[in-house]
Amino acid sequence: MKMIKKKEMKTGKRERGKALALIFAALFAVSPAKAGTALLRVNAEGADYAVANPNVVYNYHDTVTFGSYWQEDTDGDGSFGEDEKQPITWQILQKYTDGTALVVSDKILSFAPYNNEKKAVSWEDSQIRSWLNKDFYDDAFSANDKTAIIETDVVNDDNTAYETDGGNNTKDKVFLLSLDEVKNSSYGFNENLQTDDQGRTARPTTFVKSALSIPHADETISWWLRSPGSSKSSASCVVSSGFVTYFDVDRMENGIRPALRVNLSSPYVKTGEKVKISVKGCEWDTVTFGRYNGKDISWRVLDISGDNAFLVSDMILDKKAYNDKYTEVTWKDSTIRKWLNEDFLRGSFNDAEKEMIMTSTVTNSGNGYYGTEGGEDTADKIFLLSLEDIKQPRYGFPDLYWVKAETREAKDSDGGANWWLRTPGYDSLVAAYVSRSGYVYDEGYNVDSVDGIRPALRINLKSSAWKKGEKVIAGSSSEGEEKTAPVAPPTAAPTLAPTPTPTATPTNNPSKDIKATPSPKKTSVKDKVTVFKIGKKVLKNKKTIKKTAKIKISDKDKIKKITLNGKTVKIKKNKTSFTLKLKSYKKKLKKKGKWNKLVVTDVKGNKKTIKFKTK
């Protein structure tokens, strides 16, 4: 079997707030005597402004460096031919009292089917297990390295959700993680397999990227688990957003993150640097100045540089359209930019406050994934955050779009809401936004739709027109636990992942295996299972239909999510069919003659898109 490389197609509030405050106090080691004292930021001239950059709490894994594998284009020829191997970084999930540890590769090192043929197969008999324990084992580890690897009793539990038999336990040098392991909170993972968990996400090496076309901005891909799926002919996996589902065993696009048990005292195992696997939470200082709708405005401090502070409003201040008309528009010509820099600026700040607000050079980079131009850079007093801003960990945000993030949530007078970003979406008729749950929708929503506004700006701290506000804390246990791997006595060996057995003798150079890989278009056809119907007639792409039409959506793999023009359609998840009555979604529809975009995502992460016009 040839290994293939191809990219993935993606308590009450008050009580919880008190609990989080206590957690942050402990994490930041704030003494009782200083509990109400701001952390200090001193500029180059020694001015003390009593505000600081965000305190971001991460979920960390310790690492070791051990073995080597093809990961980078070392000869710089743009392809993988006679390239050198690089050391492999492994995240430590569990340390044991006997000096060994359970580790998993930090990056996705390869990709392949769980099994070449779609049939009932267990981890014990899978081809991926054979490949891991033969070809990968010999390619990645020298004779000296192999002395540090512990043969593990691998427990292959059933998939209890579907009552699928996990097969016999095995003895393996190398394996994959199991369902039980990727929901183990002591490893830093979310206990709910149906949550988009940043801690479970993984990025591929450059070597794997060269063979795959990553279809989403986060550049993470799916990776196999050794546990069975809904049947013996499917296997579990983690998709690009950290959600756990299953795929047919012959799917070629899933990545491989080998796991093993290693002797930490071996001279061939080197201690590595800690890696941040997720943002757990954040504590922001705030400043107060300006008033809107009769209330003082509180601003979160995102960054301080010398005397200058970069701020975003703590709450959503209003709800407005990005642009008054449904037309192609960039930030420069949008009506929301005009409103922020004229009406909002004029009505919300006194002269002293206006004086301290700096004119910022706003870079409008556009939407990198969809290739939508962002337009000219602008000079603004007030602006909105961008797609680049909203995935900056130093501001307290996860560096992925498709993960639930409480640090990106924003409240308004009604509780919570979506809020606009200034970056365009998949075209210039839509703009990107952040959902009320902290997901980033880089595909965007119609510019004439009404969503939340969180103004951003920069101020000169030398002014006396601002005052320090209360700290703001946000965080969620769904984004993992901040800890190093716990030390526990070695009980039953962890469940490990399988590898495919090559049907043809693979070469030791992975580049040759890549050449044998079918193109993404050919290999992903079987995943396009979603069907759109009007009555008994299948709805084809780019058709014109009536506004009164009922579109029946069916997917044998069960529907996880539906969006209409970038806006989520409320559904009962994990149903195999859903009827969309267009007349109930008039506000989500575009005007006559404009293309609507309906996207369905199933529980396996497959997406099906259809465009239509209404008459």
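Not measured: the values here are computed from a predicted model.
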(Q) Checking Asp248 against Lys118 for the salt bridge (Lys or Arg N to Asp or Glu O under 4.0 Å) test, could you report, in this order, the C-alpha distance in whole Å, the side-chain angles of both residues, the deciding distance, and whether it holds? (A) CA-CA 7 Å; Asp248 292 340; Lys118 184 182 176 182; 3.2 Å; yes
Q: Indicate the ring-plane relationship of Tyr439 and Trp402, choosing parallel, tilted or perpendicular according to the 30° and 60° boundaries.
A: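 Answer is tilted, since the angle falls between 30° and 60°.
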Q: Quick one: sort the Phe136 and Phe141 rings into parallel, tilted or perpendicular, breaks at 30° and 60°.
A: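 Rings of Phe136 and Phe141: perpendicular, over 60°.
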Where [X] and [Y] come nearest, the two heavy atoms and their spacing:
| X | Y | answer |
| --- | --- | --- |
| Val269 | Ala148 | CG2-CB, 3.9 Å |
| Gly167 | Ser122 | CA-CB, 4.2 Å |
| Lys173 | Leu260 | O-CB, 3.4 Å |
| Ile149 | Tyr137 | CD1-CE1, 3.7 Å |
| Phe397 | Ile390 | CB-O, 3.2 Å |
| Gly242 | Arg200 | O-NE, 2.8 Å |

Look only at the side chain of [X] and the backbone of [Y], and say whether a donor-acceptor pair between them is shorter than 3.5 Å.
| X | Y | answer |
| --- | --- | --- |
| Thr609 | Val599 | no |
| Asn59 | Ser278 | no |
| Arg257 | Ser105 | yes |
| Tyr433 | Gly566 | yes |
| Asn367 | Thr372 | no |
| Thr63 | Glu273 | yes |
| Trp224 | Ala112 | yes |
| Lys232 | Gly229 | no |
| Thr423 | Leu387 | yes |

[atom1] of [X] to [atom2] of [Y]: how many Å apart, nearest 0.5 Å?
| X | Y | atom1 | atom2 | result |
| --- | --- | --- | --- | --- |
| Leu225 | Asp180 | CG | CG | 10.5 Å |
| Ser236 | Tyr162 | OG | OH | 8.5 Å |
| Glu181 | Leu102 | CD | CG | 6.0 Å |
| Leu421 | Glu388 | CG | CD | 10.0 Å |
| Thr407 | Lys280 | OG1 | NZ | 13.5 Å |
| Lys183 | Ser178 | NZ | OG | 9.0 Å |

May I ask you to check whether [X] and [Y] show a side-chain donor-acceptor distance below 3.5 Å?
| X | Y | value |
| --- | --- | --- |
| Thr530 | Asp555 | yes |
| Asn184 | Glu191 | no |
| Asn263 | Ser266 | no |
| Tyr401 | Ser241 | no |
| Thr100 | Asp98 | yes |
| Asp197 | Thr195 | no |
| Gln86 | Ser68 | no |
| Ser437 | Ser435 | no |
| Ser386 | Asp389 | yes |
| Thr170 | Asp172 | yes |

**Q.** Quiz item: cation-pi between Lys276 and Tyr60, 6.0 Å / 45°
**A.**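 Not satisfied by the 6.0 Å and 45° rule.
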Does a side-chain heavy-atom distance below 4.5 Å link [X] with [Y]?
| X | Y | value |
| --- | --- | --- |
| Phe243 | Asn190 | no |
| Tyr370 | Glu443 | yes |
| Asn254 | Tyr114 | no |
| Phe532 | Val600 | yes |
| Trp90 | Pro258 | yes |
| Ile553 | Leu598 | yes |
| His61 | Leu93 | yes |
| Glu117 | Asn115 | yes |

Q | side chain to side chain contact (heavy atoms under 4.5 Å, CB included), paired with Ile108, selected from Ile221, Thr205, Thr220 | A |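 Answer after filtering Ile221, Thr205, Thr220: Ile221.
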Q) Residues in side-chain hydrogen bond (donor to acceptor under 3.5 Å, both in side chains) with Asn159, at least two apart? A)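 With neighbours one apart ignored, the set is empty.
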Q. Can you list the residues that meet the side-chain hydrogen bond (donor to acceptor under 3.5 Å, both in side chains) rule with Lys146, with sequence neighbours excluded?
A.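 Checked Lys146 against side-chain hydrogen bond (donor to acceptor under 3.5 Å, both in side chains); matches are Asp138.
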Q: Count the heavy atoms of every other residue, nucleotide or ligand shown that sit under 6.0 Å from CD of Glu84, and state whether that count exceeds 12.
A: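 Counting other residues, nucleotides and ligands, CD of Glu84 stays at 12 neighbours or fewer.
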Q. Should we count NZ of Lys552 as having more than 12 external heavy atoms under 6.0 Å?
A.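 Not buried by this count: 12 neighbours or fewer within 6.0 Å.
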Q: Begin with the C-alpha distance, continue with both residues' side-chain angles, and end with the deciding distance and a verdict on side-chain hydrogen bond (donor to acceptor under 3.5 Å, both in side chains) for Tyr246 and Ser227.
A: CA-CA 9 Å; Tyr246 58 88; Ser227 304; over 6 Å; no
Q. So, Lys560 and Asp196, do they make that salt bridge, N to O below 4.0 Å?
A.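 Yes, this pair counts.
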(Q) Tell me whether Arg261 is salt-bridged to Glu151, with the criterion being a basic N under 4.0 Å from an acidic carboxylate O. (A)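 Salt bridge: no.
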Q.
I'd like to know whether Asp153 forms a salt bridge (Lys or Arg N to Asp or Glu O under 4.0 Å) with Lys171, so could you lay out the CA-CA distance, the side-chain angles of the two residues, the decisive distance to 0.1 Å, and finally the verdict.
A. CA-CA 5 Å; Asp153 294 320; Lys171 288 183 179 292; 2.5 Å; yes
Q: For a salt bridge (Lys or Arg N to Asp or Glu O under 4.0 Å) with Asp399, tell me which candidate from Arg394, Arg203, Lys391 qualifies.
A: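 Passing option: Arg203.
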Q: Check step by step if side-chain hydrogen bond (donor to acceptor under 3.5 Å, both in side chains) holds for Asp145 and Ser142.
A: CA-CA 5 Å; Asp145 292 334; Ser142 67; 3.1 Å; yes
Q: Given salt bridge (Lys or Arg N to Asp or Glu O under 4.0 Å), test Glu409 with Lys404 step by step and report yes or no.
A: CA-CA 9 Å; Glu409 293 178 14; Lys404 185 180 185 300; 3.4 Å; yes
